[in-house]
Amino acid sequence: MAEKRQFQAIKGVRDILPPESALWNRVEQTAREVFGTFGFSEIRLPIFEQTELFARSVGQETDIVSKEMYTFVDRSLDVPPDPKIGEFPGYVQAIERLMESGSIPNDETNRGTLKFVKDWVQELFPFGEKTVEEYAEKLLHLSYAINDFQLGDRVSMRPEATASVVRAYIQHGMQTLPGNVKLYYMGPMFRRERPQKGRYRQFYQIGAEALGPSDAPGIDAEVIEMLLAFFERLKLKGAVLHINSIGDKNCRPAYVERLRAELQVVREQLGADSQRRIETNPLRVLDSKLEHEQGIIEKLPRIADHLCAECRAHYDEVKRQLGLRGITYQKNWRLVRGLDYYMRTTFEITAPGLGSQNAVCGGGRYDGLVELLGGPATTKGIGFAIGTDRLVLSLQESGAGEVAGGPARPAGGLDVYLAWFGAAAQPAAVGLARRLRDAGFVVELPAVEMKFGKSLGLADRLKARHAVILGEDELAAGVVAVKRLADGTQQKLAESELFSYLRAAPAASD
Ligand code: AMP
């Protein structure tokens, strides 16, 4: 027998256990309800996509793509098993055929490897008079080279879902649908980040995207209104909306150059990350949380002073549209998205109780993304992603994390522990349990007969509201005994009376 071994969840990923999972369900259900009233429908997306999709959309230069994605080669099923030395020539021929048929990538890297490997195979095979030993070193090199073949597409676990939504929008020709296409999604995302409170390697997002020909500021404001309506329905307290405009391809490049020039001047005073970002992505320097950089950043040029007339008008109108919806906000000039396709409106919502990871939601307008991914240039987009883990954490910290049950069990938990005694009572108990469950009550039915004291003790420990007792006496009399466990009161009722009695019973928490 194999040695016994215990397993733990991988670092940075976790189990969401009851009763917390009930809160997750409430959060997700509330999102469905609120988003539905704004005309959004759910899209269910794959967990993994071609790596190239994220590289193009999220951006090759970002931390997410450059170091945080879980990427692997999705090996083609047509590739033969790893070859033994004598099988190298046949294997290389098979690889060449698979490249020609497109089963494995016919790209520069594979073509280069193929050429190199073919030359070596020609030189070394057949062995003829020589022995394997005489060729040992060369064969070792050849086996390494054979390992360099990429035997399938490179795929990644999704680090975010906007790219997938846009990919799906284009793939299914949704631009032909009338009006704005409004989609929401929920599910796990994967980023290889350093785990800490509120930051995980498998985390969850609830997001929404509105895609279509219009970039009217009223759309931006309505998307934000929907988000806040959702938070309000959940009774999230202390949420603060931060907004900014980061310009577009007309005005931002000039601002970025100006920023870069100013950053060069203060370069020596910045930390290593910010120094690197001067070249790769100067906007991201504004994100810095480093204490000693704060004073320097405050003096940098602000994009709000460099917006072109169209972007300024768009931003002003977004603010007016928020105002007419009674939405308060804080302008935050340092709120940027470091990716080229983001433009104009960006926003973030922070919530209390989360320490340094206090952003529960990030969003913005990304008018260039659909075109970048091969769709029509006329399609504009705006969306957001809520970090569900952080939202749940904030709800719990602020005491808004309680979960009520359905109509038959306002406080959740177990309504009935159905204690049966005697073989003849079991079929009656099974039938009664089914009828109670059909009526919406939560019922625990012991699978085997237990002694009276033990059975009722378990009902107590399970915190059942009622023990319904069904023994041979009750069976003969056509009644059940009902014991209210909070105060021990007990009475005998016919089945029809039992249902109305349970319905009228106060919830355990009352
Ligand atoms: P982003 O896709 O980076 O704009 O993130 C959107 C939201 O997802 C953030 O505001 C966070 O609430 C959440 N989030 C991002 N990364 C993580 C993570 N590693 N763990 C938990 N939540 C995250």
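Bear in mind the structure is a predicted one, so any value in this text is a computation, not a measurement. When a ligand or atom number is given, it counts from 1 through the structure's own listing order.
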Shell of residues surrounding ligand 1, defined by a 4.0 angstrom heavy-atom cut-off that is strict: Arg191, Glu193, Gly198, Arg199, Tyr200, Phe203, Gln205, Arg337, Ala359, Val360, Cys361, Gly362, Ala385, Gly387, Arg390
For residues 9-20, dump all side-chain donor-acceptor pairs below 3.5 Å to protein atoms at least two apart in sequence or in another chain.
from, atom 1, to, atom 2, distance (Å)
Arg14, NH2, Asp389, OD2, 2.7
Glu20, OE2, Trp24, NE1, 3.0

NZ or CZ of Lys319 within 45° of Tyr315 ring axis and under 6.0 Å: yes
Beyond-backbone contact of Gln175 with Thr378, side-chain heavy atoms, under 4.5 angstrom: no
Atom pairs and distances, side-chain donor-acceptor, residues 299-306, under 3.5 Å, sequence neighbours left out:
from, atom 1, to, atom 2, distance (Å)
Arg302, NH2, Glu298, O, 3.3
Arg302, NH2, Glu298, OE1, 3.0
His306, ND1, Arg302, O, 3.0

Lys/Arg-Asp/Glu bridge criterion (N-O < 4.0 Å) met for Asp63, Arg194: no
Partner residues of Thr113 under the side chain to side chain contact (heavy atoms under 4.5 Å, CB included) criterion, sequence neighbours left out: Val117, Asp148, Phe149
